[in-house]
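One structure is given below, encoded as structure tokens.
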Amino acid sequence: MAKLVIVRHGESLANQLNTYTGWSDVPLTDKGRLEAHQVGQQLQATGIQFAQVHTSLLKRAILTSYIILEEMDQLAIPMTKSWRLNERHYGALRGLNKETTRRVFGVAQVARWRRSYTAIPPLLTQVSQERRYRLVPLASRPRGESLAQATQRLLPYWQDQIVPGLRQGRDQLVVAHGSTLRALIKVIEQISDQAIDGVEVANGEALYYQFDATLQLIEKGRLG
């Protein structure tokens, strides 16, 4: 049997300011670092020994990963960083305050952009040219995404990088973002397009899944 633990990064500056972030790179706050330490301590108390950690290309998730592993004295394990685990891309909304967008676009429209599985936010005029994405084909760099589109870019990573380790009985840790973790939960728990609207993972929250040898889910829960 193998365990998968998924953790949302600690509070970021954008979380504190209530702004859309997506692929923008923002730091953790002091509170966010504390949340990461607390998750690491909770995981250390379980005695779990991870074989690999998976995270995004965004520093709020990467730093959360480092803090967790340091608390667990597991900094030496392999870490893989992938754009496929990046937060959902919020397009032209990124950097805007969420309350401001409700006033400008209306509460109902903003709710659709944020919670609907298929709604796509206003798009950027061009894709990211940042150095960190130089190995990502231009056609794969979004200008904005629905949760459905974020799920589709996540799936190859789940199938090719995480599932094989679980099948081998090797415990895996994923540290990522609110929307990409919702996408992963949808896949693991086979949640409907409609029901995923009600799923939320808080900053610094850790969920665990246990699978049998055929990768059938046999147990799930929350730490803390």
Side-chain angles (χ1 to χ4, degrees), residues 1-9 21-23 50-58 60-62 64-65 78-91 112-121 123-124 127-128 132-201 205-220:
M1 294 189 293
K3 292 186 180 69
L4 168 71
V5 175
I6 64 175
V7 180
R8 184 179 176 188
H9 63 78
T21 319
W23 283 32
F50 291 112
Q52 188 165 6
V53 58
H54 310 265
T55 192
S56 72
L57 297 183
L58 299 166
R60 57 192 185 273
I62 296 169
T64 299
S65 302
M79 174 181 285
T80 305
K81 305 181 185 80
S82 174
W83 66 277
R84 292 188 181 276
L85 294 177
N86 272 21
E87 176 61 295
R88 173 190 169 193
H89 198 305
Y90 272 101
R112 282 193 291 274
W113 285 333
R114 293 193 65 197
R115 307 306 301 180
S116 166
Y117 187 59
T118 56
I120 302 172
L123 302 179
L124 292 174
V127 298
S128 175
R132 77 186 69 197
Y133 302 123
R134 67 190 184 282
L135 299 180
V136 182
L138 281 173
S140 296
R141 300 181 202 176
R143 293 186 293 126
E145 293 177 301
S146 66
L147 184 59
Q149 291 170 324
T151 303
Q152 288 306 305
R153 70 159 155 91
L154 172 75
L155 273 174
Y157 191 88
W158 163 250
Q159 294 165 344
D160 298 339
Q161 302 297 324
I162 302 175
V163 166
L166 293 172
R167 289 192 184 280
Q168 295 167 14
R170 294 156 55 86
D171 296 336
Q172 306 286 306
L173 173 64
V174 175
V175 181
H177 307 266
S179 291
T180 41
L181 291 182
R182 288 175 65 217
L184 191 53
I185 291 167
K186 185 180 191 301
V187 172
I188 294 170
E189 300 187 25
Q190 300 181 7
I191 298 173
S192 72
D193 295 356
Q194 294 72 36
I196 195 62
D197 173 65
V199 174
E200 186 69 41
V201 182
E205 184 172 28
L207 310 179
Y208 70 87
Y209 296 93
Q210 186 161 333
F211 302 90
D212 66 15
T214 64
L215 215 64
Q216 294 299 305
L217 180 62
I218 57 177
E219 186 180 354
K220 65 177 182 179

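None of these values were measured; they are calculated from a predicted model. Only this structure's heavy atoms are used, side chains among them; waters, hydrogens and symmetry mates stay out.
- Here the side chains of Ile6 and Ile185 are in contact, with some heavy-atom distance below 4.5 Å.
- Within the 4.5 Å cutoff, side-chain heavy atoms of His177 are placed close to those of Ser56.
- The closest donor-acceptor contact from the side chain of Arg141 to the backbone of Tyr133 lies under 3.5 Å.
- The pair Arg115-Glu200 counts as a salt bridge, with a side-chain nitrogen and a carboxylate oxygen less than 4.0 angstrom apart.
- Within the 4.5 Å cutoff, the side chain of Phe211 has heavy atoms near those of the Ile188 side chain.
- Using a 4.0 Å cut-off between a side-chain N of Lys or Arg and a carboxylate O of Asp or Glu, Glu145 and Arg153 qualify as a salt bridge.
- With hydrogens and angles disregarded, a donor-acceptor distance shorter than 3.5 Å links the side chain of Lys186 to the backbone of Ile191.
- Atom OG1 of Thr151 is separated from atom CD1 of Ile196 by 7.5 Å, given to the nearest 0.5 angstrom.
- We find the OG-CH2 distance between Ser128 and Trp83 to be 12.0 Å, quoted to the nearest 0.5 Å.
- In this structure, the separation between CG on Leu85 and OG1 on Thr180 is 6.5 Å, given to the nearest 0.5 Å.
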Going through the distances and angles, do Trp158 and Val163 end up as a side-chain contact (heavy atoms from CB on, under 4.5 Å)?
CA-CA 6 Å; Trp158 163 250; Val163 166; 3.5 Å; yes
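- Taking all atoms of both residues into account, the shortest heavy-atom contact from Arg88 to Pro121 is NH2-CD, 3.5 Å.
- Closest non-hydrogen pair, Leu166 versus Ala2, comes out as O-CB, 3.4 Å.
- To the nearest 0.5 Å, atoms CG (Leu124) and NE2 (His89) are separated by 5.0 Å.
- Nearest heavy-atom pair, Val175 versus Ser65, reported as atom, atom and distance to 0.1 Å: CB-OG, 3.3 Å.
- Heavy-atom minimum distance, Ala61 versus Thr55: CB-OG1, 3.3 Å.
- Taking 4.5 Å as the limit, some side-chain heavy atom of Leu181 sits within range of a side-chain heavy atom of Val174.
- Taking 4.5 Å as the limit, every side-chain heavy atom of Thr64 sits out of range of all side-chain heavy atoms of Arg8.
- With hydrogens and angles ignored, the 3.5 Å screen pairs no side-chain donor or acceptor of Gln168 with any backbone N or O of Gly165.
- In this structure, Asp197 and Tyr117 have side chains that are not in contact, with every pair of non-hydrogen atoms separated by 4.5 Å or more.
- Residue pairs meeting the salt bridge (charged side-chain N to carboxylate O under 4.0 Å, His left out) criterion with at least one member in residues 162-181: none, sequence neighbours excluded.
- In terms of heavy atoms, Leu154 sits closest to Ala183 at CD2-CB, 3.8 Å.
- Legend: residues meeting side-chain hydrogen bond (donor to acceptor under 3.5 Å, both in side chains) with Glu189, ordered by chain and number and at least two apart, are Tyr209, Lys220.
- Contact check for Pro142 versus Gln149: no side-chain heavy atoms found under the 4.5 Å cut-off.
- Residues Ile218 and Met1 share a closest heavy-atom pair of CD1-SD, 3.3 Å.
- The aromatic rings of Tyr157 and His54 lie perpendicular to each other, with more than 60° between the two planes, well past the 30° mark.
- With values rounded to the nearest 0.5 angstrom, Gln172 atom CD is found 7.5 Å from Leu4 atom CG.
- Atom CD of residue Glu87 and atom NE2 of residue His9 lie 6.5 Å apart, to the nearest 0.5 angstrom.
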Would Leu58 and Arg132 count as a side-chain contact (heavy atoms from CB on, under 4.5 Å) if you check the C-alpha gap in whole Å, the side-chain angles of each, and the deciding distance to 0.1 Å?
-> CA-CA 9 Å; Leu58 299 166; Arg132 77 186 69 197; 3.9 Å; yes
